[in-house]
Amino acid sequence: MSSISIIGLGNMARVLGVRAVAGGHSVQIIGRYAAQAAALADELGGNATAGTLADPLAGDIVILAVPYGSAASVVSQYGTALTGKVVIDITNPFNLTTFTDLVTPDDSSAAQEIAKAAAPGAHVVKAFNTLFSGVLATGEVANGPLDVFIAGDDADAKASVAAFIESLGLRPLDAGDLKMAHWLEGAGLLILGQAAKAKDFSLSIKILG
């Protein structure tokens, strides 16, 4: 099993933490506020520990479960501490005013922008952004496990993420290199729009990580 660091204290951090602990992984919860991080780690149980952004990252896999607007600054803050680690970007760079477009450049993606901000040797992989927390908590559909699309430039990093996803009882699907994250993030926006049509729009917003 792997050692996982989850940066963030929101819904997606909690759901991924629950599944990771159940999958036998050692989980480190990192947040801006020590008390909240400790409370989430206590809730997860198992081998979960807590720390703040000032603490070293224990995980070989680091999950960025923070809003896109702060993701680049977080990876910049950690600098070379991310060298050699796999960084899973789960963010969706939605325009939070309209929820009808993305804030990233047309020829880029959140994952690519985060990779630019990360230190050399940090391997960014896009994953989980098309599964909102309420769906991910269930973990399966009628005909089997949920699919998790992944995209990245490093084959070994993608293999590590795929193995992690399988350990959560989910099915990884390789979407290609990191530039494909642009389309996965567009799919995330489409899924949000469909959720808003099916239900009250404010409710669909609440299920975002």
Side-chain angles (χ1 to χ4, degrees), residues 4-23 25 27 29-31 36 40 43-44 61-72 74 87-104 109-114 124-152 161-162 164-175 178 180-209:
I4 311 295
S5 292
I6 301 176
I7 303 177
L9 301 173
N11 292 335
M12 284 294 284
R14 175 175 286 101
V15 172
L16 286 169
V18 167
R19 299 191 74 91
V21 168
H25 299 282
V27 176
I29 297 295
I30 295 287
Q36 293 180 19
L40 180 52
E43 178 184 335
L44 297 181
I61 294 176
V62 179
I63 300 176
L64 284 177
V66 297
Y68 170 65
S70 60
V74 169
V87 180
I88 301 179
D89 165 37
I90 73 169
T91 67
N92 275 308
F94 299 153
N95 183 322
L96 297 179
T97 300
T98 65
F99 286 94
T100 58
D101 57 356
L102 305 176
V103 299
T104 46
S109 65
Q112 288 167 289
E113 296 302 307
I114 289 167
V124 176
V125 177
K126 190 77 184 185
F128 296 106
N129 77 293
T130 60
L131 294 175
F132 298 144
S133 59
V135 176
L136 185 58
T138 66
E140 59 183 34
V141 291
N143 60 345
L146 289 172
D147 292 332
V148 181
F149 293 101
I150 62 176
V161 174
F164 172 64
I165 289 169
E166 289 176 342
S167 77
L168 304 185
L170 310 173
R171 183 172 68 169
L173 294 178
D174 191 344
L178 200 60
M180 293 302 293
H182 172 84
W183 304 105
L184 294 180
E185 291 161 11
L189 183 62
L190 176 64
I191 292 167
L192 174 66
Q194 292 303 311
K197 289 179 182 179
K199 301 178 180 180
D200 178 74
F201 184 78
S202 63
L203 178 61
S204 69
I205 300 304
K206 291 179 181 178
I207 65 174
L208 291 172

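Treat the numbers as computed from the prediction; the structure is a model and nothing was measured.
Residues Arg171 and Glu166 are not paired through a salt bridge, judged by the lack of any N-O separation under 4.0 Å between the basic side chain and the carboxylate.
Once rounded to the nearest 0.5 Å, the distance linking CD1 of Ile165 with CZ of Arg19 reads 11.5 Å. For the atom pair Leu184 CG and Leu190 CG, the distance stands at 12.0 Å (nearest 0.5 Å). A distance of 10.5 Å separates CE in Met180 from CD in Gln112, rounded to the nearest 0.5 Å. Between the CG atom of Leu189 and the CG atom of Asn92 there is a distance of 8.0 Å, given to the nearest 0.5 Å. To the nearest 0.5 Å, atoms CG (Leu16) and CD1 (Ile29) are separated by 9.0 Å. Here the straight-line distance linking atom CG of Leu102 with atom OG of Ser109 works out to 9.5 Å at 0.5 Å rounding.
Residues passing the ring-ring contact (aromatic ring centres under 6.0 Å, His included) test with Phe164, sequence neighbours excluded: His25. The side chain to side chain contact (heavy atoms under 4.5 Å, CB included) search around Thr130 returns Phe149, Ala187, Ile191, not counting sequence neighbours.
At a threshold of 4.5 Å between non-hydrogen side-chain atoms, the residues Ile30 and Ile6 do not count as touching. The shortest distance between side-chain heavy atoms of Val74 and Ile7 falls below 4.5 Å. In this structure the side chain of Ile4 reaches within 4.5 angstrom of the side chain of Ile63, judged on heavy atoms.
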Given side chain to side chain contact (heavy atoms under 4.5 Å, CB included), test Leu64 with Ile90 step by step and report yes or no. CA-CA 6 Å; Leu64 284 177; Ile90 73 169; 5.8 Å; no
Pair Val62, Ile88 - check side chain to side chain contact (heavy atoms under 4.5 Å, CB included), show working. CA-CA 6 Å; Val62 179; Ile88 301 179; over 6 Å; no
Side chain to side chain contact (heavy atoms under 4.5 Å, CB included) between Thr91 and Lys126, worked out: CA-CA 8 Å; Thr91 67; Lys126 190 77 184 185; 3.7 Å; yes
Which is it for Tyr68 and Thr104 under the side chain to side chain contact (heavy atoms under 4.5 Å, CB included) test, yes or no, and what are the steps along the way? CA-CA 10 Å; Tyr68 170 65; Thr104 46; 3.5 Å; yes
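Ala20 and Val27 make their closest contact through CB-CG2, 3.6 Å (heavy atoms, listed as atom of the first residue, atom of the second, distance). For Ala162 against Ile150, the heavy-atom pair with the smallest separation is CB-CD1, 4.3 Å. Looking at every heavy atom in both residues, Leu44 comes nearest to Arg14 through CD2-O, 3.8 Å. The two residues Ala13 and Gly8 come nearest to each other via the heavy atoms CB-O, 3.2 Å. Nearest heavy atom pair, residue Val148 against residue Ala127, reads CG1-CB, 4.3 Å. Here the shortest heavy-atom pairing between Leu136 and Val15 reads CG-CG1, 3.7 Å.
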